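Step one of this worksheet: look at the structure below.
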Amino acid sequence: MDTYDLITRNAEEVVTDEEVRELADDPDGKRAYVGYEPSGVLHLGHLLTANKLIDLQEAGMEVVVLLADVHAYLNGKGTFEEIRETAERMKAQFIAYGLDEESTEFVYGSEFQLDEEYTLDLHELELSTTMNRAQRAMAEIQGDETAKVSHLVYPLMQTLDIEYLDLDLAVGGLDQRKVHMLAREKLPEVDYEVRPALHTPIVADLTSGEGKMSSSEGITISMEDSTEDLEEKVNSAYCPPTRDPEPDDDGNERENPVLELFEYHVFPRFDEIVVERPEKYGGDLTYEAYKSLAADLESGELHPADAKGTLASYLDELIAPGREKLHELRE
Ligand code: IYR
């Protein structure tokens, strides 16, 4: 796979394509980052951006993981002390998952976001940004909470992180796109350079195939799940034999979450996927690419039940090291 394809595979959006192409021409030593509000247990949402970081490391880039403790605090996620503790566990799980310890720099937000220069830059951005503009950027991140002043400061700080961590590429789920757009608009106003951004898709809810999978409602898969939990969750997933399901009776769009998980979580991490089947059902099937698995599901060659069983066992393999790490940390 060429470097541009590796950098952009499974990305839902790149801003701008031209800037990312330029980066792909000379990726060595360039710095990319994802920021995470610390949370005790990693779930599929975290792992999707982590997969992208692994791609970028493979492309020769340096990776920065921002453990966004101050941001989590501003977003009402607990006391500062609780958040710091959670961040330590999060870091251990990322390494267990496969982020290369040597070439990944883990940075706490509080290491630089409380410095005088950063604070003064932040106040400059506060002066030049309307409340309306900041609130729009935050809408998807803050969820249903009533907006506080802290929610307006949050996206401005995320904007400055890109400069202060000396980055060449900002990575995030599609829910971060409005903050990254704000950053593109605002950084030049304080005489800093614009950097490209890359956004990963948001996976549909496992049971309904609608909307997006979230950790707060519905079913998600996390580092805490046992092998049996995984089997049960994947078994209950919505999986019609097509990539493009019809909308439901109320007109809500649906995806096939089983295929999405194969595409975004499994294929990027394994060279080959084997669906084990008894001889009398046609014997094992081997796939090197997501597209051929999806085509077989569509044609009926691959039964949804076999697809689910296979998905559960590959996901189990991916989360097993993080699961062990969590148990160790709790002992
Ligand atoms: N807004 C992110 C957390 C975050 C991301 C980046 I990139 C930052 O520079 C700071 C915070 C979230 O929703 O988890």
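In this chain, residues are counted from 1 in sequence order. Atoms within each ligand, like the ligands themselves, are counted from 1 in listed order. Just so it is clear, the structure is predicted and the values come from calculations on it, not from any experiment.
Between D161 and L167 the shortest heavy-atom distance is O-CD1, 4.0 Å. Pairing each heavy atom of M223 with each of I319, the nearest pair is SD-O, 3.7 Å. Scanning all heavy atoms of the two residues, the minimum distance from G109 to V70 falls at C-CG2, 4.3 Å.
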> How far apart are the C-alpha atoms of K325 and E328, what are their side-chain angles, what is the distance that settles it, and do they pass the salt bridge (charged side-chain N to carboxylate O under 4.0 Å, His left out) test?
Replying inline: CA-CA 5 Å; K325 196 77 212 168; E328 260 171 57; 3.3 Å; yes
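Annotation: ring pair (Phe, Tyr, Trp, His ring centres under 6.0 Å) contacts involving residues 76-132, sequence neighbours excluded, comprise Y36-F94, Y73-F80, F112-Y118, Y118-Y164.
For CD of E116, the number of neighbouring non-hydrogen atoms (other residues, nucleotides, ligands) closer than 6.0 Å is 12 at most.
For ligand 1, the 4.0 Å heavy-atom shell contains residues Y33, G35, E37, L66, A68, H71, I141, Y154, Q158, D161, Q176.
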